[in-house]
**Q** 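Dumping the structure here so I can ask a few things about it.
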There are 2 protein chains.
Amino acid sequence: MTNNSVPTLDDVARRAAVSTATVSRCLNSPEQVSKATRARVDDAVKALGYTPNFGARVMAAKRTNTIGAIIPTMENAIFARGLQAFQDGLRAKGYTLLVASSSYKSDLEEEQVRALIARGADGLLLIGHDRSKTILSYLAARNVPALVAWAHDPEAVLPSIGFDNFEAMFNLACKVIAFGHRKIGLISAAIESNDRARARVMAVRHAMDQADISPGNLHIIETEYGIETGAMAFQQLVESGTVPTVVFCGNDVLAVGAMKQAQKMGFNVPSDISITGFDDIEIARVVSPELCTVHVPHRKMGARAADILIDMVEGHPYPHTTQLDASLEIRGSLSAAPK
Amino acid sequence: MTNNSVPTLDDVARRAAVSTATVSRCLNSPEQVSKATRARVDDAVKALGYTPNFGARVMAAKRTNTIGAIIPTMENAIFARGLQAFQDGLRAKGYTLLVASSSYKSDLEEEQVRALIARGADGLLLIGHDRSKTILSYLAARNVPALVAWAHDPEAVLPSIGFDNFEAMFNLACKVIAFGHRKIGLISAAIESNDRARARVMAVRHAMDQADISPGNLHIIETEYGIETGAMAFQQLVESGTVPTVVFCGNDVLAVGAMKQAQKMGFNVPSDISITGFDDIEIARVVSPELCTVHVPHRKMGARAADILIDMVEGHPYPHTTQLDASLEIRGSLSAAPK
DNA sequence: GCGTTAAATGTAAGGGCTTACATTTGGCAA
DNA sequence: TTGCCAAATGTAAGCCCTTACATTTAACGC
């Protein structure tokens with residue numbers, strides 16, 4: 001080792017008086033090396049403060065042990081939570097996480113897919129199934145495994161892990177309808193390019209249909225993610241026609257915004273208007289009344305996603321789709337429809 | 001190009017009838033190449049579907065254009081928010097983000113520092129100044145620039161961007177004391193190994209000292225991050241002796257837990273007990289009464305951190321410390337002390 | 001003690017790119 | 001036309017690992 005620079009494998013080998021191959025084996029498959037040699041090498045590594053050169057390692061091994069995740073935004077607590085669990089799962093198996101965000105824009109997502117692959121990601125975690133053919137074939141051509149989370153669709157090309165957005169919202173809607181609600185509002189995230197939002201809207205429609213409620217009784221407002229936007233959407237909903245007796249919201253954050261706005265406008269929640277959310281994040285239990293919502297196992301999903309994606313990357317068998325349960329959380333913000 | 005494998009620089013060079021150096025220059029500093037040649041090379045690149053080999057590139061250039069961030073946890077909204085802004089800033093300048101989390105444990109942080117450097121991070125974003133000498137010298141030896149965020153300390157070895165935790169909390173404490181509060185509770189995150197928490201506690205002490213309030217009037221409970229733990233800490237505080245007239249909390253999440261618990265135990269907030277938070281995340285405005293807190297510019301900090309760290313990595317001049325303002329948000333959860 | 005085999009270790013060949021330095025080209029002033 | 005210089009391009013030396021294959025060592029049964 002030239003005395004001022006970063007130590008290399010060679011330096012370690014020389015110091016431990018073994019070949020570079022042995023040092024490499026100590027690092028990558030220690031079981032192949034005798035105990036005594038291993039100890040000597042470990043000492044040398046420690047003494048020199050050696051860390052393998054990443055580029056050289058990638059080049060020789062053709063793997064980076066890095067997994068990329070492209071999520072809409074970390075500011076959304078559900079993704080932050082899932083991503084945290086995902087990262088923990090990755091770390092446990094020696095992988096590192098590359099993060100990029102798409103801001104819910106599919107062209108940005110494409111750019112990020114290319115960026116992460118160019119950066120050497122061995123595998124990719126994506127959100128939802130909405131995705132252009134172009135990017136799908138790019139993934140295939142580069143032979144990079146990708147797993148979709150927060151969605152469940154056995155028919156889709158890419159393997160996925162998630163829950164059935166349609167079914168979960170359908171169950172909630174049936175419950176709500178059983179409470180006597182007929183005039184229904186719905187505040188949703190952008191439906192185009194968001195298959196989860198789409199499925200949830202369709203579920204409400206389907207439940208209404210099954211209960212013989214005319215589709216004309218459903219009023220939908222699309223808006224962006226946020227408490228403020230939820231509040232504005234609620235106001236819009238109320239001002240634009242008949243006041244609904246229940247407002248479904250695409251997620252808890254929108255629901256909290258809607259609830260706050262409802263209360264501000266003098267409605268009593270739930271006796272005048274019921275409000276429901278989706279996700280069951282902390283905020284749902286903090287507001288009063290507590291928010292009726294759908295509990296989604298975000299952490300579990302993140303953790304399982306890590307295991308599955310690693311199996312994919314390492315060529316082990318893995319399930320094409322994994323379905324998790326999303327359960328109803330009936331809480332104070334839902335009650336019978338007013339007479 | 002052997003007809004079945006991934007194309008290399010060589011293949012492109014051959015096809016465009018130039019040298020590999022020229023192709024490389026086309027990709028990395030196109031202004032050095034004549035227009036005609038560039039066009040020919042671009043065509044070849046496109047025709048072959050060439051993407052540079054990441055490992056080789058890293059090895060030759062000794063840079064990955066990747067920045068690592070080690071944060072306690074993404075589940076904490078303040079870090080999620082800051083990290084999102086950080087990532088956006090990175091992306092704008094062609095860098096990619098590697099994420100690891102320390103769970104507030106310094107040994108885990110050390111492990112992650114090594115892991116991210118081993119993965120080729122060109123620079124590192126760290127939280128707070130508490131850090132062992134070992135890791136500091138490792139960073140120095142590897143010559144990897146690191147920037148500390150969420151803290152401001154001109155004396156510290158590592159450059160930093162943040163606000164003065166002491167000053168911010170001190171200002172809040174003075175305000176609170178001016179409201180007549182003398183019996184003071186404080187719910188804090190673990191003080192050891194968290195310089196932000198420590199500074200905030202010291203600030204309250206200092207403000208009390210300045211107002212001639214005996215240190216005996218301060219009761220501190222240390223607990224982990226979370227709404228539940230905040231609630232438990234509040235209960236503990238109340239049950240373990242004199243009931244305070246104000247409870248400072250180390251962050252908004254703890255504060256919301258404390259407030260909920262206070263209300264559950266029959267206290268009126270703020271007329272019986274005032275409660276304050278720190279951070280000013282969304283949840284602070286959702287609870288009622290709204291939470292009095294300190295506003296921290298998390299997004300701005302993340303964005304600026306990206307710019308500074310890139311300057312460090314690229315060898316441009318940069319400020320050793322950057323201080324941002326944290327402003328008081330006096331809201332409904334704080335009022336005069338009861339008589 | 002010998003032969004056989006498995007375990008441990010060594011040798012050396014890539015792997016694809018960047019870049020310092022060398023060389024060629026071309027434009028322009030005299 | 002000549003000479004000079006800057007611009008454009010080429011040459012080839014690394015960069016530091018991993019791993020296939022070769023060699024040495026150790027263990028064991030007879």
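Convention: sequence-line order gives letters A, B, ...; per-chain numbering from 1.
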**Q** In B/S/- notation, 5' to 3', how is nucleotides 14-23 of chain D contacted by protein heavy atoms closer than 4.0 Å?
**A** BBBBBB----
**Q** How many whole angstroms separate atom CZ of A:Arg40 from atom C1' of C:dA8?
**A**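 Going from A:Arg40 (CZ) to C:dA8 (C1'), I get 12 Å.
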**Q** Going by the rule side chain to side chain contact (heavy atoms under 4.5 Å, CB included), which residues pair with B:Pro317 if we only count those two or more places apart in sequence or in a different chain?
**A**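 Checked B:Pro317 against side chain to side chain contact (heavy atoms under 4.5 Å, CB included); zero matches.
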**Q** Sequence neighbours excluded, which residues qualify as side-chain hydrogen bond (donor to acceptor under 3.5 Å, both in side chains) partners of B:Ser24?
**A** B:Asn28
**Q** Round to a whole Å and report the spacing from NZ of A:Lys35 to P of D:dA26.
**A** 18 Å
**Q** For the residue pair A:Thr51 / B:Arg142, report whether a side-chain donor-acceptor contact shorter than 3.5 Å exists.
**A**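 Their side chains do contain a donor-acceptor pair, which is all the 3.5 Å distance test asks for.
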**Q** Is there a side-chain contact between B:Ser34 and the phosphate of D:dA7, meaning an N or O under 4.0 Å from OP1 or OP2?
**A**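 No.
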**Q** Who pairs with A:Ala16 by side chain to side chain contact (heavy atoms under 4.5 Å, CB included), at least two apart in sequence or on another chain?
**A**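 Here the qualifying residues are A:Val18, A:Val41, A:Ala44.
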**Q** So what does B:Val33 hit on the nucleic acid, given a heavy-atom distance under 4.0 Å: a base, only sugar-phosphate, or nothing?
**A** sugar-phosphate
**Q** Suppose the criterion is ring pair (Phe, Tyr, Trp, His ring centres under 6.0 Å): which pairs have a residue in residues 84-132 of chain B, not counting sequence neighbours?
**A** none
**Q** Identify, with sequence neighbours excluded, every residue that meets salt bridge (charged side-chain N to carboxylate O under 4.0 Å, His left out) alongside B:Arg15.
**A** none
